[in-house]
2 protein chains.
Amino acid sequence: MGVTERKEREKEFKKSLMLEAAEEVILEKGLDSLNMDEVALKAEVSKGSLYQYFNNKNDLVLGICNKATLLLNEDIQKVLTKDLPGIDLVHMIGATFMSFVSEHPEYFRAMRFHDNLKETAQLEDSTYHHSCRDNMENAFTCMVRAIQIGMQDGSINSSYNPKELAILLWATSHGMVNMAYQHQNAQHFNLLDDLGINLKSMFEGYMKLIGCGIATDEQKKNYDSQSFFEKNGNA
Amino acid sequence: MGVTERKEREKEFKKSLMLEAAEEVILEKGLDSLNMDEVALKAEVSKGSLYQYFNNKNDLVLGICNKATLLLNEDIQKVLTKDLPGIDLVHMIGATFMSFVSEHPEYFRAMRFHDNLKETAQLEDSTYHHSCRDNMENAFTCMVRAIQIGMQDGSINSSYNPKELAILLWATSHGMVNMAYQHQNAQHFNLLDDLGINLKSMFEGYMKLIGCGIATDEQKKNYDSQSFFEKNGNA
DNA sequence: TCAAAAAATGACCATTAGTCAGTTATGGGA
DNA sequence: TCCCATAACTGACTAATGGTCATTTTTTGA
């Protein structure tokens, strides 16, 4: 028969239409003023139908976050296929994240929404939570891989622990991307206003910073390489 | 008489009581489930009174953000009074931010709320918006000063533009602080779970990163020092 | 053609931000 | 001390919106 399979496909298709309607609303009015009645109207279904496909409003937004993390993860994985020194892969992963957010601000909003929900207990009743988390973990693993490649080919200082370094790069690049997002999307974000900003070259500045550091050579001997994580196994 | 002055003081005092009530609610239930009825109840005033002191719910949260930014700014300014090399001042400013967020998660939430509102038009009808912005700008200026001091005393590489470097450090340290916040406050934030984390030493890792960079010496000659901002004045 | 199952609907409910007409408290002048 | 004008306070009310569910419509397979 294959009826159930066909229904499943149709269901997924209808879901995707509803997600697209929601994305449009977010692009137009922002995530804060997303409301279910409007999504239903835009998707040309009733509110009740909407709730047949999504558990609740959070679930709907996490559905968008799921698309976002899938897309980002795909882009980042593609970077790892390139035959380049590890440091360049790290660079490209960061640049990929940067342009992803610039091109899809509504996806970044959905991803921040997911981060915010992590503070609450409401995450469990979404079908998308685990998928979003897995996608981001996968992307993070790509960063670790790029670092490991760099340590092997001699382009990245191998005195770091790869995963620990990945965490630092993950956190700092999120900070950069977030600032870029705000500069692009927030009317009241003034920090960069009195400087002519080119986001691409600001990111290059970031890469230079983590590449070379800010200390003078005289200072550098004061730094050592010990891990910043507690060792679990010792007394 | 001084009656109006006294009334003004009393009004400020009552405002502060209401803000404290709101902070308690945020600490207990999180910012998302903050509701005005509960704040009114906790502050032992009617809802109507609450709205006589604050324009709306956003205004109330920005009132907390105002306290937060005042406090943070005060802490950061104190750092600049120390007689230390500039690089150490930068270090201390970051560490100050880090422990501020760790000790006052509800204040950090309010600050993120403010950042989020910057994307909307709703900011104008808050009395606190400009104050919050000024406080953060002030803290940012402290970072610039610390960098300038470091360039003069030879502890920071002076090939950077101080303000541009401050922006990079501002963004990246926000990223670090945000990750630390999530690790401490979000049940569903798993990224650091399989590592024993000590936030203080993770921050040291960050300082080492921006201090020394990640590249090998061989790689470093590939970086140059050009500004990442467009020059405004040229053709 | 028909009955059972699945899907869709929108009126309805509950919560909560924000309002406002009416009440109470305050302060200064007679 | 009384009185009234002003300021402060109150909570019932409205509007908006997330979420539900009894009913209707559509689909399916015999």
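What's counted below: heavy atoms across the whole structure, side chains too, no hydrogens, waters or symmetry copies. Within every chain, numbering begins at 1; the chains are lettered A, B, ... in the order of the sequence lines, protein sequences first and strands thereafter.
Put simply, CG on A:Leu41 is 13 Å from P on D:dT17, counting in whole angstrom units. Spacing between atom CE of A:Met36 and atom P of D:dT20 amounts to 10 Å, rounded to whole angstrom units. Atom P of nucleotide D:dG18 and atom CG of A:Asn35 are separated by 5 Å, given to the nearest angstrom. Spacing between atom NZ of A:Lys15 and atom C1' of C:dA7 amounts to 15 Å, rounded to whole angstrom units. Rounded to an integer number of Å, the gap from B:Asp37 CG to C:dA17 P is 7 Å. Between the P atom of D:dG19 and the CZ atom of A:Phe54 lies a distance of 13 Å, rounded to the nearest Å. Summarising the geometry, the separation between CG on A:Asp59 and P on D:dG18 is reported as 14 Å, rounded to the nearest angstrom. Summarising the geometry, the separation between CD on B:Glu38 and C1' on C:dT15 is reported as 13 Å, rounded to the nearest angstrom.
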List, with names and distances, any nitrogen or oxygen atoms from the protein found under 3.5 Å away from nitrogen or oxygen atoms belonging to nucleotides 9-14 of chain D.
| residue | atom | partner | partner atom | Å |
| --- | --- | --- | --- | --- |
| D:dC9 | OP1 | B:Lys14 | NZ | 3.0 |
| D:dC9 | OP2 | B:Tyr53 | OH | 2.9 |
| D:dT10 | OP2 | B:Ser46 | N | 3.0 |
| D:dT10 | OP2 | B:Ser46 | OG | 3.3 |
| D:dT10 | OP2 | B:Ser49 | OG | 3.2 |

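Here A:Leu60 lies out of heavy-atom contact (under 4.0 Å) with every strand.
Each ring-ring contact (aromatic ring centres under 6.0 Å, His included) pair with one or both residues in residues 110-139 of chain B, not counting sequence neighbours, appears once here: A:His188-B:His129, B:His114-B:His129. Applying the salt bridge (Lys or Arg N to Asp or Glu O under 4.0 Å) test to residues at least two apart or on different chains, the pairs with a partner in residues 100-118 of chain B are A:Glu119-B:Arg109, A:Glu119-B:Arg112, B:Asp115-B:Lys118. Listed by first then second residue, pairs satisfying ring-ring contact (aromatic ring centres under 6.0 Å, His included) with a partner in residues 33-55 of chain B number zero, not counting sequence neighbours.
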Take B:Leu191 and B:Met179 through the side chain to side chain contact (heavy atoms under 4.5 Å, CB included) test and state the conclusion after the steps.
CA-CA 9 Å; B:Leu191 193 59; B:Met179 177 168 282; 3.6 Å; yes

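No side-chain heavy atom of A:Pro105 sits under 4.5 Å from any side-chain heavy atom of A:Val101.
Ring orientation note: the planes of A:Tyr107 and A:Phe100 are close to parallel, at an angle under 30° on the 30°/60° scale.
Checking B:Thr172 against B:Tyr206 by side-chain atom types alone, a donor-acceptor pair falls below 3.5 Å.
Of the residues in residues 24-32 of chain B, not one places a heavy atom less than 4.0 Å from an atom of DNA chain D.
Stacking of B:Lys208 on the aromatic ring of A:Tyr160 is recorded, both the 6.0 Å distance cut-off and the 45° axial limit being met.
Not counting sequence neighbours, the partners of B:Lys29 by the side chain to side chain donor-acceptor pair (under 3.5 Å) test are B:Glu38.
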